[in-house]
Amino acid sequence: MKRPFAELSGTGSYAPPRVMTNDEFSKILDTSDQWIRERTGIRERRISTKEETNACMGKAAALQVLEQNGLTPLDLDAIVYATASPDRLLPSQACDLQAILGAKNAAALDVGAACSGFVYALSVAEGIVAAQQAERVLVVAAEKLTSIMDWSDRTTAVLFGDGAGATLVRPCTGTRGILSSYLKSDGTLAELLYRRGGGASHPPSEELLKDHSYYIKMAGREVFKAAVLSMADACDQALRRAGLTADDIDLLIPHQANIRIIEATAKHAGVPMEKVYVNVDRFGNTSAASIAIALDEAVKTGRLTAGMTVMFCAFGAGFTWASMVVRW
Ligand code: UT7
């Protein structure tokens, strides 16, 4: 087994206090609590207010991580920010966080890998640390998806939620740390899950507003199938690269999009559901933030403790998929 270059130190998360139940959706859309629960496992999700910007949520999660590490923002060498719903397109979300944290000594960059964003960002941070470019890299994953979803489309609106999670990646001090990672993509399938409008090739226009092109569009069934296959591939690859088997995994934290995808992934990976962290019922799909929020909950509730081996696996728009095995 390779000696890890980098470890994760401290976790934080932020969930907007406003809880929206499935029954509330059934008052504004042709849907029901029963359909949403049975098809997705989601019972409720968190909805941010206008004041709860992506950067504010990211900051709240980041401050917990800094406090646990006894650091101030000035101690940070870099900020890597995973998001698909930045407050604005330019500059990066990481730069906005750098400014509001006052992290004057930090480089700042965004990672655009949608729901795989947190695992991608951890891997980028690991690389920066391994290249001895930085010693303290703050990794934040935050989403304000309810601002970019189509509230009139029942096939997507009921799925998403808002929130943020964070951790610190730093050089290894012992045997704990990142044992393996695996990143993959297939951009030929981009239009199964995407936002057409708003970028440089489709700048703002009346037409884009009218046809709801600023919102996330998804071919759910196709994405579902790809998610199951890709997350299975991701688990296999991360285990193989770490020289481990499913029996060595104490906790699996998969991307939280749909309980049926989570169950199929766990079954393929050979990890029993008792060892799988699930919070999709309470948060819905928070894209890049989902594994980061679940990680923080797992640590704070004692599900993940020092010495355990945890595996992350994710899948999202791009398509992108990714996995990582970490000795905690
Ligand atoms: O996070 C990154 C990736 N995202 C995902 O992994 C999400 C992947 N996809 C999924 O989780 C599932 O495909 C969905 C939850 C989005 C949909 O579940 P499904 O079992 O694949 O349903 P479906 O798309 O096959 O639709 C079945 C029926 C359709 O009606 P007809 O055509 O059979 O009459 C839909 O119109 O369910 C209908 N439907 C709904 N009914 C009530 C779709 N959305 C809803 C809804 N409420 N919210």
Side-chain angles (χ1 to χ4, degrees), residues 20-45 82-85 111-120 141-146 148-163 165 183-187 189-195 212 215-235 253-266 268 278-281 283-294 312-323:
M20 183 167 180
T21 62
N22 293 341
D23 283 334
E24 285 180 73
F25 265 114
S26 62
K27 288 183 188 133
I28 55 172
L29 289 173
D30 180 15
T31 189
S32 66
D33 174 54
Q34 188 186 358
W35 190 95
I36 301 170
R37 266 191 297 110
E38 286 179 5
R39 305 311 294 164
T40 72
I42 299 167
R43 284 191 288 113
E44 59 190 39
R45 71 287 292 142
T83 188
S85 51
V111 168
C115 302
S116 310
F118 182 59
V119 184
Y120 262 69
E143 299 287 7
K144 198 172 164 65
L145 294 173
T146 56
I148 60 164
M149 73 185 196
D150 187 345
W151 283 79
S152 66
D153 175 8
R154 70 174 183 172
T155 69
T156 51
V158 302
L159 305 176
F160 299 115
D162 301 330
L183 310 178
K184 200 82 194 288
S185 71
D186 184 353
L189 300 171
E191 286 175 25
L192 293 175
L193 176 50
Y194 78 129
R195 279 175 85 194
H212 292 205
Y215 301 129
I216 299 170
K217 288 204 188 337
M218 176 168 71
R221 215 171 295 178
E222 286 77 4
V223 174
F224 186 102
K225 283 185 219 145
V228 171
L229 291 175
S230 306
M231 301 232 301
D233 170 50
C235 290
I253 307 184
H255 171 48
Q256 310 281 315
N258 184 318
I259 189 66
R260 292 184 292 137
I261 297 175
I262 293 171
E263 285 168 354
T265 301
H268 174 91
V278 175
N279 66 9
V280 67
D281 52 327
F283 291 102
N285 182 347
T286 57
S287 192
S290 91
I291 292 176
I293 294 171
F312 309 136
C313 66
F315 171 84
F319 288 155
T320 57
W321 58 107
S323 53

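Note that ligands are numbered from 1 as they come in the structure, with each ligand's atoms numbered from 1 the same way.
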N/O contact list for ligand 1, threshold under 3.5 Å:
unit_1   : atom_1 : unit_2 : atom_2 : d
ligand 1 : 1 (O)  : H255   : NE2    : 2.9
ligand 1 : 1 (O)  : N285   : ND2    : 2.6
ligand 1 : 9 (N)  : G220   : O      : 3.1
ligand 1 : 11 (O) : N258   : ND2    : 2.7
ligand 1 : 13 (O) : G220   : O      : 3.1
ligand 1 : 20 (O) : R39    : NE     : 3.0
ligand 1 : 20 (O) : R39    : NH2    : 2.7
ligand 1 : 20 (O) : R260   : NH2    : 3.0
ligand 1 : 25 (O) : R221   : NE     : 2.6
ligand 1 : 25 (O) : R221   : NH2    : 2.7
ligand 1 : 36 (O) : R154   : NH2    : 3.0
ligand 1 : 37 (O) : W35    : NE1    : 3.4
ligand 1 : 41 (N) : W35    : NE1    : 3.4
ligand 1 : 41 (N) : R154   : NH1    : 3.4
ligand 1 : 47 (N) : T31    : OG1    : 2.6
ligand 1 : 48 (N) : T31    : OG1    : 3.1
ligand 1 : 48 (N) : R154   : O      : 2.9

**Message:** Checking E263 now: which residues fulfil salt bridge (charged side-chain N to carboxylate O under 4.0 Å, His left out) with it, not counting sequence neighbours?
**Reply:** none
Solution key, residues 215-230 side-chain donor-acceptor pairs under 3.5 Å, sequence neighbours excluded:
unit_1 : atom_1 : unit_2 : atom_2 : d
K217   : NZ     : H212   : O      : 3.2
S230   : OG     : A226   : O      : 2.7

**Request:** Could you tell me which residues satisfy side-chain hydrogen bond (donor to acceptor under 3.5 Å, both in side chains) with S323, sequence neighbours excluded, listed by chain and number?
**Result:** none
**Prompt:** If you measure only the distance, is there a donor-acceptor pair under 3.5 Å linking the side chains of D162 and T146?
**Reply:** yes
**Asked** Between F118 and F312, how do the two ring planes meet: parallel, tilted or perpendicular, split at 30° and 60°?
**Response** tilted
**Prompt:** Taking the side chain as C-beta and beyond, is there a heavy-atom pair between V278 and I259 under 4.5 Å?
**Reply:** yes
